[in-house]
Amino acid sequence: MSNTDSFIDEVAEEVRRDKLYGYLRRYGWIAVALVLLIVGGAAWNEYRNAQTRAAAEATGDALLEALNQDDMAARAAAITQIGTDGPAVAVTALLTAATQQEAGQIDAAAATLAALATNQDVPAEYRDLAAFKSAMLPSDDAAARMLALEQLSQPGQPFRLLALEQIAYVKLGDGDRDAAVTTLQSIVEDAAVSRGLRDRAQTLMVALGEPIPEPETE
């Protein structure tokens with residue numbers, strides 16, 4: 001009886017082994033394909049990351065070389081010629097506009113910032129910053145500049161309070177002291193105002209002979 005049981009166990013084991021080999025022959029390619037896919041995906045991801053790092057380093061080197069130019073016009077031209085993609089586009093555009101402004105190329109700086117402000121491929125914060133910097137550029141069209149600042153000062157805009165500060169300066173430049181003071185007052189009383197901006201607004205109010213409002217107490 002023991003020999004019979006042993007023989008049956010051996011046969012059963014052989015049957016299971018044959019089934020296993022059959023499954024491997026039938027479906028083993030799937031496991032091999034999965035392994036190749038995982039290894040290939042990891043290799044491709046590493047290659048892509050290396051390419052991204054290399055491109056970022058090349059862009060950084062080119063920017064540093066351009067910024068080392070002593071002549072402002074040459075510096076602006078060198079930065080403009082740097083080809084970028086991805087997140088570097090926004091940073092390069094902002095540096096380009098700043099350099100163009102320093103070189104006195106206001107129209108070129110405005111065009112650079114306008115292109116960045118409407119570029120949907122870059123994050124919104126860069127587009128908003130470009131729009132604000134564009135409104136900060138000196139312009140002969142005071143009405144257009146004021147309109148841009150008023151749009152940026154609307155509730156919900158990320159640079160609303162900074163735009164209000166610029167509006168106050170414009171009002172002062174136009175001789176409208178009362179409007180400037182009112183704008184400064186709204187900055188000081190805003191709950192979201194930073195300490196630095198509040199200090200600047202209060203300092204200007206003091207210079208204009210206006211009292212600083214006492215903080216409300218419960």
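Predicted model only: the values in this text are computed from it and were never measured. Atoms considered below: every heavy atom in the structure, side chains included; atoms not considered: hydrogens, waters and symmetry mates. Nothing fancy with the numbering, it's 1 onward along the sequence.
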Locate the shortest heavy-atom distance separating [X] from [Y]; write the atom from each residue and the value.
{"X": "Ala135", "Y": "Ala148", "answer": "CB-CB, 4.1 Å"}
{"X": "Ala168", "Y": "Ala180", "answer": "O-CB, 3.5 Å"}
{"X": "Gln101", "Y": "Ala109", "answer": "N-CB, 4.0 Å"}
{"X": "Asp121", "Y": "Asn119", "answer": "N-OD1, 2.9 Å"}

Close side-chain approach of [X] and [Y], heavy atoms under 4.5 Å:
{"X": "Leu152", "Y": "Phe132", "result": "yes"}
{"X": "Gln185", "Y": "Glu210", "result": "no"}
{"X": "Thr203", "Y": "Val206", "result": "no"}
{"X": "Leu172", "Y": "Leu204", "result": "yes"}
{"X": "Lys171", "Y": "Ile167", "result": "yes"}
{"X": "Leu116", "Y": "Arg127", "result": "no"}

Requested in this report: Evaluate the criterion salt bridge (Lys or Arg N to Asp or Glu O under 4.0 Å) for residue pair Asp190 and Arg160; output intermediate values, then yes/no.
Outcome: CA-CA 11 Å; Asp190 196 291; Arg160 182 175 65 87; 2.6 Å; yes
Report the distance from atom [atom1] of [X] to atom [atom2] of [Y], rounding to the nearest 0.5 Å.
{"X": "Leu164", "Y": "Gln157", "atom1": "CG", "atom2": "CD", "value": "11.0 Å"}
{"X": "Met146", "Y": "Asp141", "atom1": "CE", "atom2": "CG", "value": "12.0 Å"}
{"X": "Met205", "Y": "Thr183", "atom1": "CE", "atom2": "OG1", "value": "10.5 Å"}
{"X": "Leu113", "Y": "Leu94", "atom1": "CG", "atom2": "CG", "value": "7.0 Å"}
{"X": "Arg200", "Y": "Leu184", "atom1": "CZ", "atom2": "CG", "value": "11.0 Å"}
{"X": "Ser194", "Y": "Ile187", "atom1": "OG", "atom2": "CD1", "value": "10.0 Å"}

Report task. Give a yes or no answer on whether the side chain of Ser134 reaches the backbone of Ala130 with a donor-acceptor pair at less than 3.5 Å. Result ->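 Side chain of Ser134 to backbone of Ala130, a donor-acceptor pair under 3.5 Å: no, none is there.
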**Report entry** Tyr169 with Val188, same ILVMFWY side-chain cluster at under 4.5 Å
**Finding:**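 In one cluster with Tyr169: Val188, yes.
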Query raised in the report: Are Leu147 and Leu137 linked, directly or through other ILVMFWY residues, by side chains that come within less than 4.5 angstrom of each other?
Result: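 Shared cluster, no.
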Requested in this report: Determine whether more than 12 heavy atoms belonging to other residues, nucleotides or ligands lie under 6.0 Å from atom CG of Asp199.
Outcome: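 Above 12, so yes.
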Query - Residues Gln154 and Glu150: side-chain donor-acceptor under 3.5 angstrom - result: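 Judged by distance alone, the side chains do not pair up.
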Query raised in the report: Any ion pair linking Arg198 and Glu189 (charged N to carboxylate O, less than 4.0 Å)?
Result: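 No salt bridge links Glu189 with Arg198.
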